[in-house]
Amino acid sequence: MQLVIFIGLQASGKSTFFRTHFADTHAHISKDLMRNNKNKNRKQAELIAAAFEAERSVVVDNTNPTVEDRTKLISLGQAYGVQIIGYYFGSRVSDCLQRNHQRSGKAKVPEVGIYATAKKLVVPTFSEGFNNLFYVQIDTSGTFEITPWFDAQLIS
């Protein structure tokens, strides 16, 4: 089983990537789907645990920008003995703002949210407890490019 943790700005392609790469094989857990829940972290942990108990792999589709955000998830994955994989969505703020402008309704994120996440976004490392990491970018044709991770690589 796997715990897949997405890391990246809002409108960097995370949810689309889930739909195209994991929807058939992994449970989708996203705080965006918990709009009326007062304790989203607790609910997220409950949903992850329930999926693992049902022997189902999970994708956590949130920004997960800080080491602290990811530590809670990684600890839960380690407690269940699952493989922990991170996908870092490399993107420029300007590109995310442009994609966000194409959204409507509740899918549209206030611009200040994207800027706030960018300020606290910490690039993941294997030392956090990941078994594997990947770098994801959207190319000019809108296709996802997935590259194996190296801690020493520079992220633009």
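Bear in mind that the values here come from a model prediction, so they are computed numbers and not experimental data.
Between Ser91 and Cys96, the closest heavy-atom pair is OG-SG, 3.3 Å. Minimum heavy-atom separation, Asn41 to Lys72: ND2-NZ, 4.4 Å. Closest approach of Leu73 and Leu3 over heavy atoms only: O-CD2, 3.2 Å. Contact detail for Asp69 and Pro65: the closest heavy-atom pair is OD2-CD, 3.1 Å. The nearest pair of heavy atoms linking Phe126 to Asn132 is CE2-CA, 3.6 Å.
Side chain of Asp61 to backbone of Ile29: no donor-acceptor contact under 3.5 angstrom is found. Asn131 places a side-chain N or O within donor-acceptor distance of the main-chain N or O of Ile84, the cut-off being under 3.5 Å. Using modelled atom types, no side-chain atom of Thr143 and backbone atom of Asp139 make a donor-acceptor pair closer than 3.5 Å. Between the Arg103 side chain and the Val109 main chain, no donor and acceptor come within less than 3.5 Å of each other. In terms of modelled atom types and a separation under 3.5 Å, the side chain of Arg99 and the main chain of Gly13 share no donor-acceptor contact. With hydrogens and angles disregarded, no donor-acceptor distance shorter than 3.5 Å links the side chain of Ser12 to the backbone of Gly8.
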Check the pair Met1, Arg56 against side-chain contact (heavy atoms from CB on, under 4.5 Å), reporting the backbone distance first and the verdict last.
CA-CA 7 Å; Met1 283 190 303; Arg56 184 132 192 246; 5.6 Å; no

Might you work through the side-chain contact (heavy atoms from CB on, under 4.5 Å) test for Ile7 and Phe89, ending with a clear yes or no?
CA-CA 6 Å; Ile7 304 148; Phe89 290 75; 5.8 Å; no

Just do the side-chain contact (heavy atoms from CB on, under 4.5 Å) check on Thr66 and Arg70 with the steps written out, would you?
CA-CA 6 Å; Thr66 67; Arg70 299 187 295 262; 5.7 Å; no

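Remark: Leu47 CG to Lys31 NZ distance equals 11.5 Å, nearest 0.5 Å. Considering OG1 of Thr147 and CD of Gln137, their distance stands at 7.0 Å, rounded to 0.5 Å. How far CD of Gln78 is from CD of Gln83: 12.5 Å, rounded to the nearest 0.5 Å. If you take CG on Leu76 and CD on Glu46, they are separated by 11.0 Å, rounding to the nearest 0.5 Å. With values rounded to the nearest 0.5 angstrom, Asp95 atom CG is found 8.5 Å from Ile138 atom CD1.
A heavy-atom distance below 4.5 Å is found between the side chains of His21 and Phe144. Side-chain contact check for His101 versus Lys108: some heavy-atom pair is nearer than 4.5 Å.
When each of Phe6, Phe134, Trp149 is checked for a side chain to side chain contact (heavy atoms under 4.5 Å, CB included) with Ile85, only Phe134 meets the rule. Between Thr63 and the choices Leu9, Ile114, Thr117, the side chain to side chain contact (heavy atoms under 4.5 Å, CB included) rule is met once, by Thr117.
Put simply, Ile74 and Val82 are part of the same group of oily side chains (I, L, V, M, F, W, Y) that touch within less than 4.5 Å, one to the next. A single hydrophobic cluster is seen to contain both Val58 and Phe130, as judged by linkage of ILVMFWY side chains at heavy-atom distances under 4.5 Å, directly or through other members. Neither Val60 nor Ile146 shares a network with the other; the hydrophobic side chains, linked directly or stepwise wherever heavy atoms of I, L, V, M, F, W or Y lie under 4.5 Å apart, form separate groups for each. Placement of Phe17 and Tyr88 in two distinct hydrophobic clusters is found when ILVMFWY residues are connected by side-chain heavy-atom separations under 4.5 Å, directly or transitively. The hydrophobic cluster containing Ile5 also contains Leu121, counting ILVMFWY residues as joined when their side-chain heavy atoms lie under 4.5 angstrom apart, directly or transitively.
Under the 30°/60° scheme for interplanar angles, the aromatic rings of Phe52 and Tyr80 are found to be tilted. Classification of the Phe22-His26 ring pair by plane angle, with boundaries at 30° and 60°, yields perpendicular.
Within 6.0 Å of CD on Glu53 lie more than 12 heavy atoms contributed by other residues, nucleotides or ligands.
Side-chain contact check for Asn62 and Lys14: no donor-acceptor pair (N or O, by modelled atom type) lies under 3.5 Å. Between Glu145 and Tyr135, the side chains place no donor N or O within less than 3.5 Å of an acceptor N or O (distance only, hydrogens not considered). There is no side-chain donor-acceptor pair under 3.5 Å between Thr71 and Glu128.
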